[in-house]
Amino acid sequence: MPFPTTGCSGFCNQCGQVHHLPHSRRAEDEANKLMTHLETRQRISQNLFPEAASALLSTDFLFGPARGKMFGILICQDRNDQETILRAFSGQYNGLWHVPGWAPPLFDVSSYDQLNQTGEPEVKKLSRRIENTTRNTSQHARLLQKRRELSRNIMLELHDLYRLYNFHGQSVSLRTAWNKTTGIPTGSGDCCAPKLLNQAARLNLRPTGIAEFYWGRENASASRKQGCFYPSCHNKCRPILGFLLCGLQP
Ligand SMILES: [Zn+2]
Ligand SMILES: [Zn+2]
């Protein structure tokens, strides 16, 4: 089944069809306004007083070693047909998951941090043991295997913290929404489209158009350039967008 080349789309297992939300002119207009804001104010906060804005929200972050990131605009209508605009940045912004005025992540951040804080030292401890063990021995192989399993389990537990909502009012875990047989890549659910659609579904808003653009220093593979619009990604977003968009079309 062909996928539209713009906006966001994904195959829905429940309906047996591709659901699609188009890239719209209206969303592009708002995205252009946001680009002007980023360019002139050099920070992502909506606050007009620079001294009141946290230094963490500066756009300098996007031009450093971390490079740029995707930003997204979702145009929605509420129950009274009033327009509401949602905004998102992909992943974290300078270590922050929550920034006022921006769509939240799909999980509870304190549970997420707690899981990372307990898991990471264990992985590090194993890594130190691996370094101090002679290579190509059965003990070395056993430790490598143990570390692989531990990392995998932490990843699965992290995935289970994600809660995805759609426009039928259904909510499922990331693993349930994922409609491919391949493993779930790191960062799936953290892109702009899933954050925006999830927030819209939870607020009872109906999206009518989306626009996603890149801002900052171009990525390592130079496949993303500042100010350019891109459709939702194939590897992390498409396999969950079928679920997330379900119930949107009448
Ligand atoms: Zn994506
Ligand atoms: Zn569906």
Side-chain angles (χ1 to χ4, degrees), residues 1-23 27 31 34 62 66-74 86-93 97 102-107 155 158-159 161-180 182-202 204-216 218-226 228-250:
M1 200 175 292
F3 285 96
T5 52
T6 65
C8 62
S9 49
F11 182 79
C12 174
N13 282 343
Q14 296 190 91
C15 304
Q17 64 180 75
V18 172
H19 295 316
H20 176 227
L21 178 70
H23 171 97
L34 176 55
L62 300 170
R67 299 178 186 267
K69 59 169 61 245
M70 291 295 294
F71 288 84
I73 295 282
L74 193 68
L86 303 182
R87 297 174 183 83
F89 49 78
S90 64
Q92 286 176 297
Y93 196 90
W97 285 111
W102 297 85
L106 278 58
F107 50 82
M155 179 80 104
L158 285 175
H159 286 159
L161 296 178
Y162 284 69
R163 217 56 215 163
L164 282 69
Y165 292 79
N166 71 13
F167 297 93
H168 281 305
Q170 298 165 316
S171 91
V172 297
S173 71
L174 184 58
R175 273 199 266 176
T176 307
W178 187 256
N179 70 4
K180 275 173 82 173
T182 53
I184 304 175
T186 306
S188 182
D190 298 336
C191 288
C192 297
K195 283 191 190 179
L196 290 167
L197 292 169
N198 224 49
Q199 194 188 25
R202 298 197 71 175
N204 279 313
L205 300 169
R206 294 192 76 75
T208 55
I210 190 167
E212 293 179 85
F213 67 93
Y214 188 81
W215 197 260
E218 73 180 29
N219 65 344
S221 60
S223 59
R224 295 269 190 268
K225 286 191 166 43
Q226 174 160 305
C228 292
F229 290 100
Y230 297 95
S232 296
C233 71
H234 290 191
N235 58 335
K236 291 184 274 187
C237 286
R238 188 173 282 176
I240 54 174
L241 284 171
F243 172 82
L244 285 168
L245 290 165
C246 194
L248 189 54
Q249 280 136 337

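Order of appearance sets the numbers: ligands from 1, and atoms from 1 within every ligand.
The side-chain heavy atoms of Asn179 and Phe243, taken from C-beta on, include no pair separated by under 4.5 Å. Residues Thr6 and Tyr230 form no side-chain contact, since every pair of their non-hydrogen atoms from C-beta on lies 4.5 Å or further apart. With contacts defined as side-chain heavy-atom distances shorter than 4.5 Å, the pair Leu241/His19 does not qualify.
Among the atoms of Cys192, none of the N, O or S atoms falls under 2.8 Å from the Zn ion (ligand 1).
Geometry at the Zn ion (ligand 1): SG/Cys237 and SG/Cys233 form an angle of 120°, nearest 10 degrees. Expressed to the nearest 10°, the angle at the Zn ion (ligand 2) joining SG in Cys246 with SG in Cys12 is 110°.
Aromatic pair Trp97/Phe107: ring centres closer than 6.0 Å.
Distances from the Zn ion (ligand 2) to the N/O/S atoms of His19 are shortest for NE2.
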